[in-house]
Protein chains: 2
Amino acid sequence: MSVSTPSSSPDRIVATYRVETRYPLEQAAAAMAGEQSSGTFRPVPGETPELIARFGARVERITELGEVEAPSLPGTRAPKGREDIRPVRAEVTLSWNLENTGTDLPTVWSTVLGNLFELHHFSGLKLLSLDLPSAFAEAYPGPAFGVAGTRDVTGVKGRPVIGTIVKPSVGLSPDETAELADRLILAGLDFIKDDELMGDPPHSPFAERLDAVMTVIDRHAQRSGRKVMFAANISGDLDRMRRNLDLVNRRGACAMIVMNAVGLSAAVEIRRHAEVPIHGHRAGWGMFDRSPDLGLSYRAYQKFWRLVGVDHLHVNGIRNKFCESDESVVASARECLTPMFAPPAPPCTVMPVFSSGQSAGQAEDTYKRLGSDDLIFCCGGGILAHPDGAAAGVRSLHEAWEAAKAGVPASDYARTRPALAHALESFG
Amino acid sequence: MSVSTPSSSPDRIVATYRVETRYPLEQAAAAMAGEQSSGTFRPVPGETPELIARFGARVERITELGEVEAPSLPGTRAPKGREDIRPVRAEVTLSWNLENTGTDLPTVWSTVLGNLFELHHFSGLKLLSLDLPSAFAEAYPGPAFGVAGTRDVTGVKGRPVIGTIVKPSVGLSPDETAELADRLILAGLDFIKDDELMGDPPHSPFAERLDAVMTVIDRHAQRSGRKVMFAANISGDLDRMRRNLDLVNRRGACAMIVMNAVGLSAAVEIRRHAEVPIHGHRAGWGMFDRSPDLGLSYRAYQKFWRLVGVDHLHVNGIRNKFCESDESVVASARECLTPMFAPPAPPCTVMPVFSSGQSAGQAEDTYKRLGSDDLIFCCGGGILAHPDGAAAGVRSLHEAWEAAKAGVPASDYARTRPALAHALESFG
């Protein structure tokens, strides 16, 4: 099913939904528009025609997609006489005057998502796409580093930034984490990140962990001239995040936030004070997108976070261990690299982060399907479980990406390269 | 289907989920526990038995609930040979050592929600309940006002706080909003709130709107001795929220936040600086609970926000205009009034806010089913569309609640009370 992109409007917010309803489509779309702008269940005195014309959400387009067997979600109603008919799916595009919200992202969130999901008219409602006027690019900073900045800071050109996640996720002391970082840096990694479960707990206080890991990173940097990027998870209550961000700024690390756990407003504040790249982890994402009938698409979701100014965004990976399809992963990564606004507004492009069961075996398909190496490629087992050791694991990834970019099948390239050959044998 | 409450543990976080899977239940539960604690897809060197014993999530209980016809959510897989079997539903209770997260709510959020929803083992996964050790009551302030404080500030005893929402939601100027407030105060209301769509837009700047409305409220208070509570929507980027909260503190209003739009971390910060009650609006809630197979229950959700320190929490209302059932509404309201912790820890109880199509017609059932009048009862049309005017609308609500508390059927009580009689005729 194709999703059409409404052309962006200079002064209107445009959102397209897939809905499912037993109401006549015009009536259902009008209920959405009314609930999310000037309408109420009953007409009220101040609701003048002038006010509705200026502030009412507009139904821009309705495209019927066909019937479904039965309502996908419970709780829906039907108008009298239509209780037994099959629900119809449709794409509905609404637009709002920028005057309704101003350029405030939390208010836009309430407007395009908000109470819509509880309308009894619908047995399915999902936000597919969102287009914001370029005024938002003036109101929000967008990513300070993005693709080019992350390449500058890591010194990685012509291939993905190769990274890994500290595992076990929880339980390691700061010193144990630093020891693991030491091993990983010796193996040749560009990027190391905390797990999203690792915040600032008693057994690994953030300040101590950061200090221990950065001491190792700085020692290697003095030797090699190359400073590995450490995305330290600062997520927490805001005052704790600010305190931990100050430490990250001082040590020149990278500030990781779990976006759904900390929320939009705090993330805006973190961006204001960050002097380093911000790594956006989307833990909890499945709640928003796992159902085809509810929530919002990554296409809409990531725009909020790019405007806020996150530099890296997680997208899963090809043949990941989770339930996301390769099509969905590639579409998400492409969104991250697609400008949000036409020039002269900034593009707000960010670096997609591939992870979850990644190894040398996925480089070829990732490059073929994405058409870019502007990404962070995070592997756990693909490095640490390499039969010849972690250094061979990293080498196998470099070789796999060389092959991918040269258009040579990985299996051919592996003939003279044992690290790649053993990776392909081990990880498939 | 009954949900059992695990007894709260002094040092463990306990979460119960309803899941649906084609994997053997023990294996599926182990995948949840591993993903959300010390486990990985492949064993890694640091994952020692000591570390797993201390930091691994524990599977506390598995209760099988029976087969379903087919997977409820797409993207799920099955072990070899089980592709054709029907998925099984079960309740799974996990627990975590408090050492994993410390008492940081955003990290708890990542731990009990996080990546779980993307595990390919499951075609359904919903968090049903969450029990936190009392250490959280020491780490977080909880509501400063709650039920008793809201009654003190509004001066309302022995009945619900009667309120309404400014409508139209968007489009009114500050002066028009103040004029509407004037009418509503004259009609006898206790509480007025902004709509969740009304933030700080160009056509109604927050500072001007607050000033205009509070000037009217203060004028009436000088005359009557009773200061109506105005919940002004401060939601937005954090610096804007802080600025607007300062104004709300100064004017002695109430600070409304759209919880899902601003997020946990910013809400903690708002609570630190608020000197007034915080009104928690749950716009977007349908995204989390509309599917029986995905997301989290209100029972788990509201605990985060009560600990953060919100004083009022929305729950919809009996016979609401949305899709939520009365059973669900009453269960939500009851949760708000049920202590989160055993004494001596504070109960963190909050005032449930009933709204959506409410009028005098719902008072009787609301009181019968909830067994309490500790609530905010928000009516729009139920007041403004009363055939004898707004004052009669408010009177009808007072009379309906008097009848409910006296155990007299509203229809009997209405015989000598025309405001109530006409409300029951109009709104059913």
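Quick caveat, the model's predicted, so the values are computed rather than measured. Below, all heavy atoms of this structure are taken into account, side chains as well, without hydrogens, waters or symmetry copies. Within every chain, numbering begins at 1; the chains are lettered A, B, ... in the order of the sequence lines, protein sequences first and strands thereafter.
- Between chain B and the residues A:Leu264, A:Leu105, A:Thr101, A:Val262, the largest count of heavy-atom pairs under 4.5 Å involves A:Val262.
- Contact of the B:Arg290 side chain with the A:Thr76 side chain is registered, since non-hydrogen atoms from C-beta on lie closer than 4.5 Å.
- Residue A:Glu69 qualifies as open at atom CD: its count of foreign heavy atoms under 6.0 Å is 12 or below.
- Here A:Arg272 pairs with A:Glu269, B:Asp239 under the salt bridge (charged side-chain N to carboxylate O under 4.0 Å, His left out) rule; sequence neighbours left out.
- Ranked by non-hydrogen atom pairs under 4.5 Å with chain A, the options B:Gly380, B:Gly236, B:Gly199 are led by B:Gly236.
- The two residues A:Gly171 and B:Phe55 have their closest heavy-atom pair at CA-CD1, 3.4 Å.
- Sorted pairs that involve residues 106-117 of chain B and meet salt bridge (Lys or Arg N to Asp or Glu O under 4.0 Å), not counting sequence neighbours, are lacking altogether.
- The candidate with the highest count of non-hydrogen atom pairs below 4.5 Å against chain B, out of A:Leu113, A:Val108, A:Asp237, is A:Asp237.
- Note that the CG atom of B:Leu197 and the CG atom of A:Asn100 stand 8.0 Å from one another [nearest 0.5 Å].
- Interface remark: A:Leu51 contributes side-chain atoms only to the contact with chain B (heavy atom separation under 4.5 Å).
- Heavy-atom pairs under 4.5 Å with chain A peak, among B:Gly286, B:Ala283, B:Ser265, at B:Ser265.
- Between chain A and the options B:Pro201, B:Ser325, B:Gly56, B:Gly102, the largest number of non-hydrogen pairs under 4.5 Å is found for B:Pro201.
- Neither the backbone nor the side chain of A:Arg242 comes within less than 4.5 Å of any heavy atom in chain B.
- Side-chain contact between B:Pro292 and A:Pro74: present, with at least one pair of heavy atoms (C-beta onward) separated by less than 4.5 Å.
- Put simply, NE2 on B:His203 and CG on A:Leu98 are 11.5 Å apart, with the number rounded to the nearest 0.5 Å.
- Taking every heavy atom of both residues into account, B:Glu99 and A:Pro202 meet most closely at O-CD, 3.9 Å.
- Contact of the B:Asp104 side chain with the A:Met241 side chain is not registered, since no non-hydrogen atoms from C-beta on lie closer than 4.5 Å.
- Distance check: A:Leu294 CG to B:Asp293 CG gives 10.5 Å after rounding to the nearest 0.5 Å.
- Using a 4.5 Å cut-off between heavy atoms, A:Phe288 touches chain B through its side chain atoms alone.
- A 4.5 Å side-chain heavy-atom check between B:Asn316 and A:Glu118 finds at least one atom pair inside the cut-off.
- Considering only heavy-atom pairs separated by less than 4.5 Å from chain A, the leading option among B:Arg240, B:Met259, B:Glu324 is B:Arg240.
- Between B:Met287 and A:Leu296 there is a side-chain heavy-atom pair separated by less than 4.5 Å.
- Here the OG1 atom belonging to B:Thr48 is positioned 8.0 Å from the CD atom belonging to A:Glu176, to the nearest 0.5 angstrom.
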